[in-house]
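Written out below as structure tokens is the structure these notes cover.
These values consider heavy atoms only, across backbone and side chains, with no hydrogens, waters or symmetry-generated copies. Quantities reported herein were computed from a predicted structural model and do not represent experimental measurements. Numbers restart at 1 for each chain; the letters A, B, ... are given by sequence-line order, proteins then strands.
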2 protein chains.
Amino acid sequence: MHGHQTISSGELAAQGGTTSAQVRKDLSFFGSFGKRGLGYSVSALSSSLREILGLGRQWNVVIVGAGKIGAALAQYEGFRDRGFKVVGVYDEDPARVGGTLDGVVVRDQRELESDIMKLKPHIALIAVPAEAAQTLVDRVVKAGVRAILNFAPTPLTVPEKVTLRSVNMALELEILSYALVNAGE
Amino acid sequence: MHGHQTISSGELAAQGGTTSAQVRKDLSFFGSFGKRGLGYSVSALSSSLREILGLGRQWNVVIVGAGKIGAALAQYEGFRDRGFKVVGVYDEDPARVGGTLDGVVVRDQRELESDIMKLKPHIALIAVPAEAAQTLVDRVVKAGVRAILNFAPTPLTVPEKVTLRSVNMALELEILSYALVNAGE
DNA sequence: GCGGGCTTGTGAATGATTTCACAAGGTAAC
DNA sequence: GTTACCTTGTGAAATCATTCACAAGCCCGC
């Protein structure tokens, strides 16, 4: 981005929308990468972080639900760029099964367990209606998936060994709504 | 959901995936809605919250960017259900302009300012590549939008009077990646 | 109307996160 | 080599958020 060989915590903070102290504290959690008086070597820091975050390797991902959100996820370049490969898309609706999303064939949700055993995906993205989400999470967890990113607007429970994160777009809009109502106060 | 007329903080917590103390603390920020010994009246609480969060009224939304994510957002029922109405979708690409997404015609990004002046949308959803995001945010802010939900994977800056929230799906995956790498520790 | 059993609302305690502030270490110019 | 100047890494302080715990209030049965 810049021609710099090296970058200071302050510059990183400006780029990331945070503070220099925050950046240094965060990085110090993993170790000490910088040189005092100079800053951080861009290339060394970048590869250390890739290593630490596990972005060097390829992660296989299955998408459960081929509706609007599932389709958008399947086609999202941001994932591929970071080493996340969509190895399967699943849906319940016969009308969708057999179609393709960005080169991946939509398979029947009944194949989920057997496919997971075979493909051993690391991550499952849940993009189904709220009512169906917990059931499908239980199924993918039982089949061996250990990391889940949930897009259904409902809280889910998983065993302790499984990592779950949720993205709730409707909630984000409600927060904006609240901010608008209370704007002038 | 239940036939109850009234609901306790504990039940709300279970549904929302949190704790009863948390629920009570959060609600107490807005006022005091419950009856001791009994709980909260479902209908009264529901309408109070709708009022406070501004969900009673309709909010007009424009979507900037008619790519994968923009299209998914335009078609997302979760928004309409909560009173958010998509009044415009904009793109730069002539191949997309003129097409329709869920009944809304995709318009040329050059019309953005004049349309915003006319339609007075309350919220803009930014669904363009990272490089273009700041420029478009500046444009919609200048045209009068005061609340922005950003889906581009980049930090943005807005004037203080504007509320900005960001959803970063790639970052969510990176966090999962880190969790997987450090699973057994 | 009184007592037992719930549940709220909220201070106080605890825990987590962010910011401050500065010694220690490094660069670069002379 | 020495000096002037930067920037990191990190304890300590401050801020923010969550959890605890309990008095106060309300319902209901008798």
Q: Evaluate the criterion salt bridge (charged side-chain N to carboxylate O under 4.0 Å, His left out) for residue pair A:Asp102 and A:Arg80; output intermediate values, then yes/no.
A: CA-CA 12 Å; A:Asp102 207 52; A:Arg80 216 161 324 154; 3.1 Å; yes
Q) What is the distance, rounded to the nearest whole Å, between atom NZ of B:Lys25 and atom P of D:dA17? A) 12 Å
Q: Let me know, please, whether A:Gly37 or A:Ser32 comes out on the 5' side of the other along DNA chain D by nearest nucleotide.
A: A:Gly37
Q) Within a reach of under 6.0 Å around CD of A:Gln134, are more than 12 heavy atoms found that belong to other residues, nucleotides or ligands? A) yes
Q | Distance flag, aromatic centroids of B:Tyr76 and A:Phe151, threshold under 6.0 Å | A | no
Q) Any salt bridge (charged side-chain N to carboxylate O under 4.0 Å, His left out) pairs touching residues 161-172 of chain A, not counting sequence neighbours? A) A:Arg165-B:Glu172, A:Glu172-B:Arg165
Q.
Taking side chain to side chain donor-acceptor pair (under 3.5 Å) as the definition, give me every residue that meets it alongside B:Glu111, ordered by chain and number, with sequence neighbours left out.
A. none
(Q) Let's see if you can work this out: which of D:dT8, D:dC26, D:dG11 has an atom nearest to the side-chain heavy atoms of B:Lys35? (A) D:dC26
Q.
Output the rounded distance in Å from CG (B:Leu27) to P (D:dT18).
A. 14 Å
Q | Nearest-nucleotide comparison on DNA chain C, the residue closer to the 5′ end among A:Gln22 and A:Leu38 | A | A:Gln22
Q | First-last contacting nucleotides on DNA chain C - partner chain B, under 4.0 angstrom, heavy atom | A | C:dC6 to C:dA12
Q. Among the nucleotides D:dA23, D:dG11, D:dT18, which one has an atom lying closest to any side-chain atom of B:Arg36?
A. D:dA23
Q | Protein-nucleotide distance (B:Phe29, atom CZ; D:dC16, atom P), rounded to Å | A | 13 Å
Q) Checking all strands, does A:Thr19 fall into the base, sugar-phosphate, or nothing category for heavy-atom contacts under 4.0 angstrom? A) sugar-phosphate
Q) So which heavy atom on A:Val140 is nearest to which on A:Ala124, and how close? A) CG2-CB, 4.2 Å
